Amino acid sequence: MWDKTAFVLVVTNFLSAMGITVVVPFIGNTQAIFGVDPAYGIWIVTAFMLSYCVGMGFVGRLSDAVGRRPVYAGAMGAFALGLFLSALAPNFETVLAGRLLQGLGASGTLPLAQAIAYERFGRRRGKVMGLIGAAFGIGVVAAINLGGGVYSALGWRAVFAITGGLASLGFATSLLLPDASRTARRTTLDIPGIVSLAAAIVAFMLLFRGLAESPLLSGKVLPYLALLLVSGAAFVAAERRARAPAIDPALFRNRAFSLAIAASFLGGIGMFIFQTFLPSYAQVLLGYTVAGASYSIDVMAAFMILFSGLTGAACDRLGPERVLIFSLGATAAAFGLITSIPAPVLSYYLGSAVAGMGLGSLIPATGMIAIREGGSGREGVSSGVVSLARTAGGIVGPTVAGLILARTDFTSLFALANLLDAYRRIYRFGLWAVVAGLGTAVALLVYTRKGADAG
Amino acid sequence: MMRKSVWTAALVLIVGLASIGMSQEDVLGRVKAASAGLEAFRATIYMVNYGSRKAEIEFAFAFVPPSKMRIEYLAPKNLEGQLVILNGDQLYIYLPALHRAVRKTVSEGSEHPGTEMGFLYYFVEKDLAAFLEGLPLTRVAGLKGFVWRHGEEVVTCRAYELTFTGEKEKQIVWCDAETFVPVAVDIYQGGKLAIQVRVVEYEYNGVIPPEEFAIPG
């Protein structure tokens, strides 16, 4: 199984996942580093997520048309360039430009890697997809560990420069992918769809930022609500009209595909809530330092790695639907454990371990179902849509969580107790999202079994 | 030593005799007088919040009216070093668990962190009139011993028990029989015990250096 292609896919996904969380150690210090307001400083994350989502809307289709290798290598190259641009940035705006480029580049790797693995590895595709998912999970966590250490020792430019160096190696490695591209065919970029999707994402984020400070019926909220509705409607209209839509509405006529996308979205909410808030929860609950909290999430990472590999193979044997049920069931159990066990250390580490089992199983299972149901010739776009759905969950979950945190009363004498309550509310929100995803996964299993029996 | 004990016993006897037959208004009047005469207050305070989950805190409290306050957390362990400083309209909160500092300008009439201490905060802020507007005095129980456990230690004092009852809230306050300083407050909301405040030790009108209220740069 360890041929060159699998090696390249695993290594490059590890590196591109680092781009998502490499800034986590200094998110809270943007004011001190760049001299910008914290509300503007958070765009260091927002800019990445924005282009990451937008990129997922078209890289799959582009690679279906012109071949996987050029798009994959181009994505890794853009990712590395973005990191160097941020490292050398003379001001915060240039850092953001670099982050946009990083997000665009990173958006190409996971969906394309899943599509390549699905096409190339036959009955071992689950194993390889599992390994790619594991590499992605390790990258997310390793970047927090590495970023924390490098930032403390050498500063923020070094964080981008060192990650950029690693990404350059990833770019070079991606050129080793076999050029098994299909015959190039003409395709068009769905510009109206991409622009309206980007506008909807920005409007959604600004809407919730406004809600953190102001009521719904206020000048800081209503314009973004209007923009969200208009851009959402424009996106749907654009996708119906486009010859080569970013998100092909025809894919959703397949009920199993739609259920897989819904499960991916709901699982994404749980995945990103758990990963994003775990380090700061450790600080509040267990009194860990920033460094200690960064390392405490390694328990979750270890289980993610282990279970990505195991459940990837289980996808091949038992079918991805059963693995998806396991994934969402374990994640729901993790949310339950971390919020209900009274002993803090036990609840934290047991919850983290069980979350690792569940989250490590999500990417290969949803990817495999979506690509299978999307049908031949549309592997890239199907993989892109399922990744986009998970990432959309990753925007919705932390954004809602941010709203809950923003409403915490820090001026109370019991500020930290209030904060712990807020974290528990966030985790309960994650629990209900994942339980809804579990219901979707069960419906998916029932539906596909009925289809198999009928067939 | 013997002479000091005799004087102390005599003082307690005098206070006790003077207290016998004090009316509800007399007791409240003495508490108001103690509040009005307050120039500085330093205490160690233990609080319990019976919210969705029970939370206990202990902190060193310093206050100089009208609006200089310092709260430094002593327990639990993960709150050690947490700091709240109010100096005029400037509020500074440092949460070491998150390495996070919150700076706010407090507008007049807005709630200060200390208001969660209920009657005690209004007492040190010399604003009992505002408190009584919302929660009038409804009962004063006679002088009796007030005892509570603080870890291994048993804290005792002779105190008056005052009950203030509003529409949605009730506060029972125990005031030291010698100084009329509040030493314990139970705050009931919706008929349930919401917050308990216990003064472990206090110093009334001692000297508090102004630099204790300096907001970090």
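The structure displayed is predicted, hence computed values, not measured ones. Each chain gets a letter, A, B and so on, in the order the sequences are listed, and its residues count up from 1.
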Which atom pair, heavy atoms only, marks the closest approach of B:Tyr73 to A:Phe414? OH-N, 4.4 Å

Quick check: are there more than 12 heavy atoms from other residues, nucleotides or ligands sitting under 6.0 Å from OH of A:Tyr224? no

Among A:Ser412, A:Ala417, A:Pro342, single out the residue with the greatest number of heavy-atom pairs under 4.5 Å to chain B. A:Ser412

For residues 120-140 of chain B, which residue pairs pass the salt bridge (charged side-chain N to carboxylate O under 4.0 Å, His left out) check, not counting sequence neighbours? B:Arg139-B:Glu161

Of the backbone (N, CA, C, O) and the side chain (C-beta and beyond), which part of A:Leu285 lies under 4.5 Å from a heavy atom of chain B, both, or neither? backbone

Give the interface residues of residues 36-49 of chain B toward chain A, defined by a heavy-atom separation under 4.5 Å. B:Met47, B:Val48, B:Asn49

Could you tell me which portion of B:Glu80 (side chain, backbone, both or neither) has an atom closer than 4.5 angstrom to a non-hydrogen atom of chain A? neither

B:Ser35: partners by side-chain hydrogen bond (donor to acceptor under 3.5 Å, both in side chains), with sequence neighbours left out: none

What's the shortest heavy-atom distance between B:Ile57 and A:Leu413, and which atoms? CD1-O, 3.6 Å

At under 4.5 Å between heavy atoms, what parts of residues 198-215 of chain B are in contact with chain A? List them by residue number. none

